[in-house]
Amino acid sequence: MQGVGYRPYVYRLARSFKLTGWVRNNAGAVEIHAEGDSECLDAFAEALFLRSPPTARAHLLARRVAPLESNAAFSILSSAADGERHVSVPIDLASCADCVAELHDPGSRRHRYPFINCTQCGPRYTIIRDLPYDRGNTTLSEFVLCSTCALEYATPEDRRFHAQPLACAECGPGIHWQEAGHETVREACALDAAVKALRAGKIIAVRGVGGYHLLCDARCETAVLRLRHRKGRPAKPFALMVPWAGEDGLEQVKLLASISQSEAVSLLDVSRPIVLLPRDSRAAICPSVSFGLPDIGVMLPYSPLHHLLLEDFGAPVVATSGNVRAEPVLTGIGEAQARLAFIADGFLHHNRPIARPAEDPVVRIVAGVARPLRMGRGTAPFEVELGYRIDIPTLAVGAYQKNTIALGCENRVIVSPHLGDQSTPRGRAIFAQTIRDFERLYGILPGRVVHDAHPQFPSTRWALESQLPATAIWHHHAHASAVAGEYRIETPMVCFTWDGVGLGPDHTLWGGEALLGFPGNWRQVGSFLPFKLPGGERAAREPWRSGLSLCWQSGIPWRKGELRGGALLRQAFDHNLNSPMTSSVGRLFDAVAALTEVCLESSFEGEAAMRLEALCKSPEEPIAMPLTRDEHAIWRSDWHPLLASMLDGSQTQSIRAAQFHSSLAHTLLAQALAVRNETRVNCVGLAGGVFQNRILTEHALQLLTGAGFEVLIPKALPLNDAAISFGQIIEARALHAATN
Ligand SMILES: [Zn+2]
Ligand SMILES: [Zn+2]
């Protein structure tokens with residue numbers, strides 16, 4: 001409950017009901033002692049939750065009769081530290097409406113001050129050095145409050161009472177602009193210089209809440225192409241930040257995309273995520289923002305600095321992470337200045353230190369529900385309450401790409417924000433720092449570490465070197481347990497875990513599995529006919545390899561692929577050299593994208609699947625994929641019949657892409673039915689990055705519900721590898737409970 005002005009809220013409410021007593025923080029919870037006549041007490045108890053501040057996701061821990069204290073009035077007491085420790089690290093909050101109004105009010109003391117905030121808004125997670133959440137424990141400790149701010153801070157009736165990041169132009173942080181060959185300018189002049197640079201088509205780096213962004217004019221093709229070139233990012237879509245405009249703030253967004261009610265709600269969420277929206281063909285942004293993909297990622301300004309910058313500029317900007325390649329976003333002035341020097345023409349810095357990175361969260365509406373694709377600023381640390389207790393405090397280190405870590409203790413799991421992948425030294429450093437921070441802030445000392453079964457992942461190596469008792473969890477078991485954990489399911493279900501690749505218990509690369517069971521007890525019951533991946537890991541970046549493999553395995557000629565593959569690769573394929581077996585649906589998407597010539601090489605993860613999905617215009621009839629049983633009684637879908645249709649150049653790419661999606665949805669249904677016939681299990685879960693595909697997931701959901709299945713699709717946590725750390729904790733706890 002910390003960091004959202006809950007105690008002052010209780011104080012004002014209690015006084016309005018003429019109650020006496022007190023409110024205080026007690027080890028992460030809020031404790032209230034209220035005395036008065038019974039009618040007022042009941043009304044108070046009811047109003048407490050009804051009128052609670054929107055950001056305070058409050059729930060009642062306990063209510064009991066207490067001895068009378070007959071206090072003179074109602075007051076706010078200093079924190080107590082008895083009772084069970086139940087610490088929550090507060091999350092960063094987007095600027096609230098009151099603060100934005102004040103930001104624009106020429107009569108206000110904080111008119112156009114880029115760090116205005118209150119108890120309902122402002123940074124939290126990214127400024128906290130230690131708990132309890134008091135100013136002295138944040139990165140604002142070095143800014144001494146002026147007398148006016150100090151008075152606001154100390155006045156219970158003020159909406160800035162105990163607002164820890166409280167600041168004003170006199171006493172708080174400021175901004176400055178640095179550009180090679182120019183003098184450094186500050187405050188209003190810095191903002192003007194940044195806007196001028198954007199107008200001139202320059203690329204600017206802006207220090208925000210959880211790190212730097214790289215910004216440029218989204219209407220200016222040369223600027224966007226220059227950013228792509230300098231960042232080494234040829235095609236992956238860029239996110240946009242759009243000025244807040246109109247009554248609902250969405251006026252400018254509506255010029256770019258037609259938005260549904262749930263998309264509007266997501267855009268305005270207090271985390272202000274990037275929401276993937278269908279781009280309007282008339283949108284005044286240049287083509288290179290998303291290069292032919294129909295969805296654009298859009299977010300609204302979330303800090304006062306972004307409000308001012310976007311408003312002054314007056315048009316959408318590209319807003320991409322200020323990082324190098326796959327590294328976590330940069331946070332420090334010095335490191336940003338050094339490492340982004342070849343990308344940014346100028347820097348808009350501020351001097352409020354960032355304690356740890358948090359990237360923008362990403363959301364997509366699938367089957368009518370907002371589903372996170374990435375957790376970050378404003379949505380993490382994310383806490384999941386469990387229906388049982390975890391006896392040994394457990395640390396889970398996740399997998400490799402899109403990684404997160406998680407801590408499990410008592411009846412909850414805390415999941416970190418997106419930490420990026422583990423391929424770079426900075427990625428591994430932020431990973432280790434986040435583990436240290438989480439253990440310290442939450443006061444949890446893990447007695448066990450859980451890691452992916454893949455021996456080469458840096459996270460696995462970190463876990464094995466940690467001296468803690470370690471448990472390895474199969475990648476897809478963790479995916480399935482994440483679904484079961486989120487929905488608190490402990491009875492048998494069939495979970496389809498479709499993704500890129502992960503190591504399976506049979507030592508092939510899984511990625512198209514149906515798992516039957518419950519946490520601690522998963523059994524493979526469905527899959528695809530396995531195929532080779534010539535070149536191993538390179539196949540993920542070069543879809544033609546998967547396409548060629550399917551053709552070679554079927555004896556079907558495919559000139560386009562053979563020209564690339566050559567005799568050496570054929571030899572390796574024939575002799576099983578660096579050609580691991582896989583049942584990955586992600587690689588099937590790659591193969592189809594290559595055979596249809598939609599995407600032969602991909603410049604970013606998931607590109608082939610995204611381009612295929614984008615081509616689907618109207619539903620097509622499925623191509624039947626025979627379902628046969630192998631010697632281990634696993635149902636396997638046979639992809640052979642797809643090849644002829646996918647290679648049939650007389651059909652448009654759009655028709656072939658839709659046929660493929662439909663075939664996958666139908667084969668998923670066929671597997672679910674085959675398992676239900678034998679086991680009567682009627683609950684189906686979907687997990688893995690493949691189901692970020694809206695066409696496939698919505699079609700599969702429709703077929704499954706039509707056949708009477710209960711279907712569980714993650715909505716609290718991402719269904720990609722960001723949920724692996726959470727799933728590892730659920731799975732490990734179940735395994736240990738079963739053996740004890
Ligand atoms: Zn505010
Ligand atoms: Zn001040």
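One-based numbering, in listed order, for ligands and for the atoms of each. No experiment lies behind these values; they were computed from the predicted model shown.
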Would you list the atom pairs, donor with acceptor, under 3.5 Å between side chains in residues 272-279 and any protein atom, with sequence neighbours excluded?
| from | atom 1 | to | atom 2 | distance (Å) |
| --- | --- | --- | --- | --- |
| Arg272 | NH1 | Leu268 | O | 2.9 |
| Arg272 | NH1 | Asp269 | O | 3.0 |
| Arg279 | NH1 | Ser290 | OG | 2.9 |
| Arg279 | NH2 | Ile285 | O | 3.2 |

Review point. Between Asn117 (side chain) and Phe115 (backbone), is there a donor-acceptor pair under 3.5 Å?
Key: yes
Practice item. For the residue pair Tyr11 and Arg15, confirm or rule out a side-chain donor-acceptor distance under 3.5 Å. Key: yes
Point to revise | Under-2.8 Å protein N/O/S neighbours of the Zn ion (ligand 2), ordered by chain then residue number | key: Cys146 SG, Cys149 SG, Cys168 SG, Cys171 SG
**Study point:** Number of protein N, O or S atoms [distance to the Zn ion (ligand 1) under 2.8 Å]
**Key:** 4
Pairs under 3.5 angstrom only: tabulate donor-acceptor contacts from the side chains of residues 298-311 to other protein residues two or more places apart or in another chain.
| from | atom 1 | to | atom 2 | distance (Å) |
| --- | --- | --- | --- | --- |
| Tyr302 | OH | Asp360 | OD1 | 3.3 |
| Ser303 | OG | Leu305 | N | 3.3 |
| Ser303 | OG | His306 | N | 3.2 |
| Ser303 | OG | His306 | ND1 | 2.8 |
| Glu311 | OE1 | His104 | NE2 | 2.6 |
| Glu311 | OE2 | His104 | NE2 | 3.3 |

Point to revise | Under 3.5 Å: donor-acceptor pair, side chain of Tyr9, backbone of Ser52 | key: yes
**Study point:** Between OG on residue Ser88 and CZ on residue Arg124, distance to nearest 0.5 Å
**Key:** 13.5 Å
Exercise for review: For the pair Asp345 (side chain) and Glu179 (backbone), establish whether a donor and an acceptor sit closer than 3.5 Å, ignoring hydrogens and angles.
Suggested key: no
Exercise for review: Show your working on ring-ring contact (aromatic ring centres under 6.0 Å, His included) between His176 and Phe347 and close with a plain yes or no.
Suggested key: CA-CA 8 Å; His176 63 279; Phe347 290 82; 10.0 Å; no
Practice item. Decide yes or no for Cys40 and Leu19: does some side-chain heavy atom of the first lie under 4.5 Å from some side-chain heavy atom of the second? Key: yes
